[in-house]
Number of protein chains: 2
Amino acid sequence: MVVPGDCEEISPILSMVGNKWTVLAILILSEGPKRYNQMRREIETISQRMLTVTLRGLERDGFIVRRVITDRAPPQVEYSLSPMGEAVVPLLFSLCDWSARHVAKIAENRRVFDSQRASDPCV
Amino acid sequence: MVVPGDCEEISPILSMVGNKWTVLAILILSEGPKRYNQMRREIETISQRMLTVTLRGLERDGFIVRRVITDRAPPQVEYSLSPMGEAVVPLLFSLCDWSARHVAKIAENRRVFDSQRASDPCV
DNA sequence: CAGAATCCTTTTTGATACTG
DNA sequence: CAGTATCAAAAAGGATTCTG
């Protein structure tokens, strides 16, 4: 066996990490609880549908907690990290950190690879 | 800013990690160099097309190295991790490890969430 | 404010057949 | 052995409209 634990078993987390919105949402909530439209403004490019879908998925998995604040005039919904959500943050930060340190090299690797293909497609 | 480095900048790695085949391929190669069909047998459920696409992408990014062995009767192609590929392995292992430790809890969270929805869809 | 619902486009993946 | 090419299916994502 290659990975610690069964390969199939870990797919939920891997697909979680693979989701660009999911990781972003968790990292934004790592700053503290936020409301729906507040997150929407911070992520900017996310569509309303995707924010909802993303938050619903994270709530279902138990990474975040959804709390409806009823005692206010415009009904507000606050999202925050659960303990498990807090627990992944360091892992995601490591990932982001590694990525930030290697993104330039990867971009260059791609350029080289692509230009080699273009100039000599038959190899 | 939420993440170390720009959010947009890290997407290549995040999408790399999100790919279930990609992670699997790297982890399998962390055992040592392998040939194409050898990997195909080990991953079992991967389609030929996806293995090719996955390996090509990893090679383009510089995570793996493709080496054609010409001095043998049936032409062989060997894949191995590049130094950068080796460098991500610990990170992927951490991820897998964390996942393995939480997969059961996540599965239960989902069950609870889904059954609450089913019994009381209006809340 | 915080969404749900619908429709439509794009991206990913899989199955199948063929090749040097 | 190690692919490529093509087509079909599925999944993800976005735009728009509507609501308590």
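All of these numbers come straight from a predicted model, not from anything done at the bench.
Following rounding to the nearest Å, A/Ile69 (CD1) and D/dG20 (C1') show an atom-to-atom distance of 18 Å. Atom pair B/Ile64:CD1 and D/dA2:C1' shows a separation of 14 Å (rounding to whole Å applied). Computed from coordinates, the A/Leu51 CG to C/dA2 C1' distance equals 10 Å when rounded to whole Å. The CE-P distance, from A/Met50 to D/dA15, rounds to 11 Å in whole Å. Rounded to an integer number of Å, the gap from CD of B/Glu78 to P of D/dG3 is 12 Å. Atom NZ of B/Lys34 and atom P of D/dA2 are 13 Å apart (whole Å). With rounding to whole Å, B/Arg66 atom CZ is found 8 Å from D/dA2 atom C1'. Atoms CD1 (B/Ile46) and P (C/dA15) sit 12 Å apart, rounded to a whole Å.
Here D/dC1 is the nucleotide among C/dG3, D/dC1, D/dA2 with the atom lying nearest to any side-chain atom of B/Arg41. Out of C/dG14, C/dC1, C/dA4, the shortest distance to the side chain of A/Arg56 is found at C/dA4.
Here the side chains of B/Gln48 and B/Tyr36 are in contact, with some heavy-atom distance below 4.5 Å. The shortest side-chain heavy-atom distance between B/Ile26 and B/Met16 falls under the 4.5 Å cut-off. The side-chain heavy atoms of A/Asp61 and B/Arg110, taken from C-beta on, include a pair separated by under 4.5 Å. Proximity of B/Arg41 to B/Asn37: side-chain heavy atoms (C-beta onward) are separated by under 4.5 Å at one or more points.
Residue B/Arg49 is the one, among B/Arg49 and A/Trp21, whose nearest nucleotide of DNA chain D lies closer to the 5' end (criterion: closest heavy atom).
Look at A/Tyr36 and you won't find any side-chain N or O under 4.0 angstrom from OP1 or OP2 of C/dA4. Contact check, A/Arg35 against C/dA2: a side-chain N or O comes under 4.0 Å of OP1 or OP2.
Nucleic acid contact class of B/Arg40 (heavy atoms, under 4.0 Å, all strands): none.
Between A/Leu29 and A/Tyr79 the shortest heavy-atom distance is CD2-O, 3.4 Å.
Put simply, the side chain of A/Gln48 and the base of C/dG3 share a donor and an acceptor less than 3.5 Å apart.
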